[in-house]
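The structure appears below as structure tokens.
The figures here come from the full heavy-atom set of this structure, side chains too, leaving out hydrogens, waters and symmetry mates. Counting starts at 1 for both ligands and their atoms, following the listed order.
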Amino acid sequence: MKIKLAEKYGFCFGVKRAIKIAEENQNSATYGPLIHNSKEIARLDKDFKVGLVEDVKAFTSGDKAIVRTHGIEKEELAQLHNSNVDVVDATCPFVTKPQEIAQEMSEAGYDVVIFGDAVHPEIKGVKSYATYGANVVMNVSDLKNLHLKEKIALIAQTTRQVEDYMKIANYLIPRHKEVRVFNTICNATFENQEAVRKIATIADITIIIGGKNSSNTKQLFGIAKENCKDSYHIEDEKDLDYGWFQDKQFCAISAGASTPDWIIQNVVNSIEKEINS
Ligand code: SF4
């Protein structure tokens, strides 16, 4: 069986940057998980003494808090500053951008609509910057229940698919006087998605590696499944079932934007070892 990695996979620019920031700030703690990968978080704790704090109130004067890749809510950031916490911002610049747009457009009188997952930390953060509030929608039917103003500013979660974003925009444009559509979808996600689409079409088994709570990994898995029925989402090599590989000729592998290379390599090595034994 041939094993091949997608042309683009794994860590994106924002995650690489956040990990570097964490490694450079030993004896600190991130507020919320830095990235959506529990194993990488455990490594940072063990090797760099970068802990994880889930409650913003647990930080006290003199502590060092690292703001995670997906950002935090505006009020929480203010709370950290007010408590004299040393704040190190590891928010990905591609997440800071929609936060700025939300604030600017809300203050300019637009109704802010965010296409994304309302419970995702990135969206909670972006929403908090809309000074006069924002509506979060997951699909067109969510929009149908809203009473929106004539002027709309549309923002997407960085990990969303362009095709789905267009459905939201296409619904809003004929119904409102002005709709400003901001392209806040991150290229890193897009590149990983295109690469998995390409390779999954020709593979007879596709393995997607990443945290079970990672939104972009789940999307990669969805694309893989559409193009290759034998697709599996695993967190690491321990989730592999070697029965999956029976009678398969070509195994494609990809990984979410917060999956470290060492986990990907462990999976590849385990599959190779098994099929060669
Ligand atoms: S996927 Fe994009 S937006 Fe998200 S952390 Fe990576 S580079 Fe930033």
Side-chain angles (χ1 to χ4, degrees), residues 5-25 30-41 43-44 50 52 66-74 77 88-103 114-129 134 136 154-165 181-197 208-224 233 235 254-264:
L5 284 154
E7 275 166 21
K8 292 265 182 187
Y9 62 91
F11 274 0
C12 56
F13 149 81
V15 166
K16 278 189 196 152
R17 177 178 170 274
I19 288 172
K20 189 162 175 276
I21 292 174
E23 289 178 352
E24 287 165 358
N25 284 280
T30 64
Y31 170 43
L34 185 70
I35 61 169
H36 278 151
N37 189 291
S38 51
K39 294 181 179 71
E40 183 66 2
I41 287 168
R43 185 189 71 91
L44 288 172
V50 175
L52 167 62
I66 301 177
V67 175
R68 66 189 169 212
T69 326
H70 300 103
I72 61 175
E73 291 174 38
K74 192 180 176 188
L77 185 63
V88 181
D89 193 2
T91 310
C92 173
F94 295 134
V95 174
T96 312
K97 193 73 200 156
Q99 291 175 346
E100 288 167 359
I101 295 169
Q103 179 158 338
I114 305 169
F115 167 46
D117 179 359
V119 296
H120 191 283
E122 175 192 324
I123 295 308
K124 284 188 183 168
V126 171
K127 188 180 177 194
S128 73
Y129 278 82
V136 181
L154 185 59
I155 300 170
Q157 186 171 359
T158 52
T159 47
R160 292 288 134 186
Q161 291 189 45
V162 177
E163 295 81 4
D164 296 334
Y165 193 34
V181 183
F182 292 88
N183 180 9
T184 48
I185 293 176
C186 164
N187 278 343
T189 315
F190 184 62
E191 285 168 2
N192 282 1
Q193 287 177 357
E194 279 311 298
V196 89
R197 204 186 308 275
I208 306 292
I209 315 161
K212 287 275 153 86
N213 56 354
S214 151
S215 136
N216 80 83
T217 306
K218 284 193 262 180
Q219 286 196 29
L220 278 186
F221 175 63
I223 294 171
H233 176 182
E235 290 211 335
S254 181
S258 45
T259 309
D261 275 345
W262 57 270
I263 293 186
I264 302 167

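The shortest contact between atom 7 (S) of ligand 1 and any protein heavy atom is with Gly14 N, 3.4 Å. From the protein, the heavy atom lying nearest to atom 5 (S) of ligand 1 is Thr69 CG2, 3.6 Å. Atom 4 (Fe) of ligand 1 has its closest protein heavy atom at Thr158 OG1, 4.1 Å. Closest to atom 2 (Fe) of ligand 1 among all protein heavy atoms lies Cys186 SG, 2.2 Å.
Of the charged side-chain nitrogens involved, none lies within less than 4.0 Å of a carboxylate oxygen, so that Glu122 and Arg68 do not count as a salt-bridged pair. Taking the charged nitrogens against the carboxylate oxygens, Glu194 and Lys8 have no contact shorter than 4.0 Å, which rules out a salt bridge.
The 12-atom threshold is not exceeded at CD of Glu7, counting heavy atoms of other residues, nucleotides or ligands nearer than 6.0 Å. Around the CZ atom of Phe182, the shell of radius 6.0 Å holds more than 12 heavy atoms that belong to other residues, nucleotides or ligands.
Among the atoms of Cys12, none of the N, O or S atoms falls under 2.8 Å from atom 2 (Fe) of ligand 1.
For ligand 1, the atoms closer than 4.0 angstrom to any heavy atom of Cys92 are 3 (S), 5 (S), 7 (S), 8 (Fe).
At a threshold of 4.5 Å between non-hydrogen side-chain atoms, the residues Arg160 and Asp117 count as touching.
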